[in-house]
Protein chains: 2
Amino acid sequence: MIRLLLADDQDLVRGGLAALLSLERDLDVVAEVGRGDQVLRAVTEHEPDVALIDIEMAGGDGIDATAAVTASGSPCRCLIVTTFGRPGYLRRAMEAGAAGFVVKDTPADQLAQVVRRVAGGERVVDPALAADSLAGGIDPLTDREREVLRAAADGASVRTVAAQLHLSPGTVRNHLSSAIGKTEAENRYAAARLARDRGWI
Amino acid sequence: MIRLLLADDQDLVRGGLAALLSLERDLDVVAEVGRGDQVLRAVTEHEPDVALIDIEMAGGDGIDATAAVTASGSPCRCLIVTTFGRPGYLRRAMEAGAAGFVVKDTPADQLAQVVRRVAGGERVVDPALAADSLAGGIDPLTDREREVLRAAADGASVRTVAAQLHLSPGTVRNHLSSAIGKTEAENRYAAARLARDRGWI
DNA sequence: GATGCCCCGTGACAGATGTCAGGGGGTCAC
DNA sequence: GTGACCCCCTGACATCTGTCACGGGGCATC
């Protein structure tokens, strides 16, 4: 039997996945959690072979949870199952020690097979996504640029961002301008959107 | 037997819901679709009693799909099952003739009961959401304002938006200004974010 | 020590943006 | 037919934004 942990903040999705995977004779869902920061504890407590982890969860990023499991030295293998196939997510997940990465568009009948391969020691990555990730290139932004872009992403004025980060307005504008140039966007908002889609911020 | 149609663009979620609902003896999933614009055809073809429809789908809004089913005169009752509990979504769904509205945070073991109640003729609405909806107020935007705001939301320039909607740049700026005023936002992007969170666009 | 990169800041410029006043046209309800 | 809306457009204005040139300081690496 392959023991599974499910981490997803949407109850219906989690329950659905549990029902789906329980149809397989060799799979056993031994625990479910609804928050990223509960993953590690559940892993140590229930000792699953594979943890299926969503990225965007209330209460902690799934990638952080993956990193925590990896750092703990647990033999549990983390399989990211996420809505958003952003190249940056894939890269960050792999850096965090994930053993697999699939998007929720994956056909339902393939999930069990992916779980088995991950449990068997393989690394399983959505092939289309892997290509995107290579094509998308690496993050050209500096730490400050990321920070400023993130702060400005939802429409805050330059003055607000400057006050928030304890910078002069001119400096904020310079960082934004630089980020806009690097992303080849038309303005800060398009730049923020691009950076987010690529998983840079 | 209650006949069900599932509409969700994420294969894993759809498959999970199907597995979950198939555990119930009185429920029968007779069809699945992955696009909003395929809902109506599937309804006429398979004649389900209840259609579970996601809102945010590739290939057509679930609310539009609900409206189409309602307009067709089909006896099929539409139950919106969505990630985002935005007040405006609820209102729009109800206007489109939805018979129920639940978020994906709903406990998995309650879904079947909701489906039965909807099939039985009840209107079932997430209670917390209904309260939000009443508190959130109604959409003050005009059709044009919504359209312009949506087009400008991801960073397109005024010129681009104007060309896209066949308007003069000045008119676009006037609509945007009006929308900004109504949402009490600082700029178009903050206005777009606010309007989206409230389900207005 | 020189070079390179990043950070922080200033000043200046063109162009974009948000706002306002004003005008013409359409539709709908009273 | 008179308002009350909404739509579309114009022109003008102050402000914000994106860009550039320039400087100083810190911290690496060679």
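By convention in this document, chain letters (A, B, ...) are assigned in the order of the sequence lines, proteins followed by strands, and residues within each chain are numbered from 1.
A rotation axis mapping the C1' atoms of four pairs onto the next four is fitted at both ends of the helix from C/dG1-D/dC30 to C/dC30-D/dG1 over five pairs, and the angle between these axes is 30° to 10 degrees.
One can place NE2 of A/His175 at 16 Å from P of D/dT17, the figure rounded to the nearest angstrom. In this structure, B/Tyr189 atom OH and D/dT17 atom P are separated by 10 Å, rounded to whole Å. Look at CZ on A/Arg188: it is 11 Å from C1' on C/dA16, rounded to the nearest Å. One atom, CZ of A/Arg146, and another, P of C/dC6, lie 11 Å apart when rounded to the nearest Å. Remark: P of C/dC5 and NZ of A/Lys182 are 11 Å apart, rounded to the nearest angstrom. When the P atom of C/dC5 is taken as reference, atom CG of A/Leu141 falls 16 Å away, rounded to whole Å. If you measure from atom CD of A/Glu184 to atom C1' of D/dT19, you get 16 Å, rounded to the nearest angstrom. With rounding to whole Å, B/Glu186 atom CD is found 15 Å from D/dT15 atom P.
Neither OP1 nor OP2 of D/dC6 sits under 4.0 Å from any side-chain N or O of B/Arg144.
Applying the ring-ring contact (aromatic ring centres under 6.0 Å, His included) rule to B/Tyr89 yields no partners; only residues at least two apart in sequence or on another chain are considered. A search for side chain to side chain donor-acceptor pair (under 3.5 Å) contacts involving A/Thr171 returns A/Ser168, not counting sequence neighbours. Partners of B/Phe101 under the ring-ring contact (aromatic ring centres under 6.0 Å, His included) rule, at least two apart in sequence or in another chain, do not exist in this structure. For B/Arg123, the side-chain contact (heavy atoms from CB on, under 4.5 Å) criterion is met by B/Met94, not counting sequence neighbours.
Backbone-only contact: B/Thr142 has heavy atoms under 4.0 Å from sugar-phosphate atoms and none from a base.
If you find the closest nucleotide of DNA chain D to B/Asn174 and to A/Arg159, the one lying nearer the 5' end belongs to B/Asn174. Looking at which nucleotide of DNA chain C each of A/Glu145 and A/Asn187 is closest to, the 5′-most match is held by A/Glu145.
The backbone N or O of B/Glu145 lies less than 3.5 Å from no partner atom in the side chain of B/Arg150, so there is not a single donor-acceptor pair.
Salt bridge annotation for A/Arg92-A/Asp61: present, with a cationic side-chain nitrogen under 4.0 angstrom from a carboxylate oxygen. Contact check on A/Asp139 versus A/Arg146 returns a salt bridge, with a Lys/Arg side-chain nitrogen under 4.0 Å from an Asp/Glu carboxylate oxygen. The residues B/Asp8 and B/Lys104 are annotated as salt-bridged, a charged nitrogen and a carboxylate oxygen being separated by less than 4.0 angstrom.
For the segment residues 165-173 of chain B, the set of residues with a heavy atom within less than 4.0 Å of an atom of DNA chain D comprises B/Leu167, B/Ser168, B/Gly170, B/Thr171, B/Arg173, in numerical order.
Residues B/Gln38 and B/Arg41 bring no donor and acceptor atom of their side chains to less than 3.5 Å of each other.
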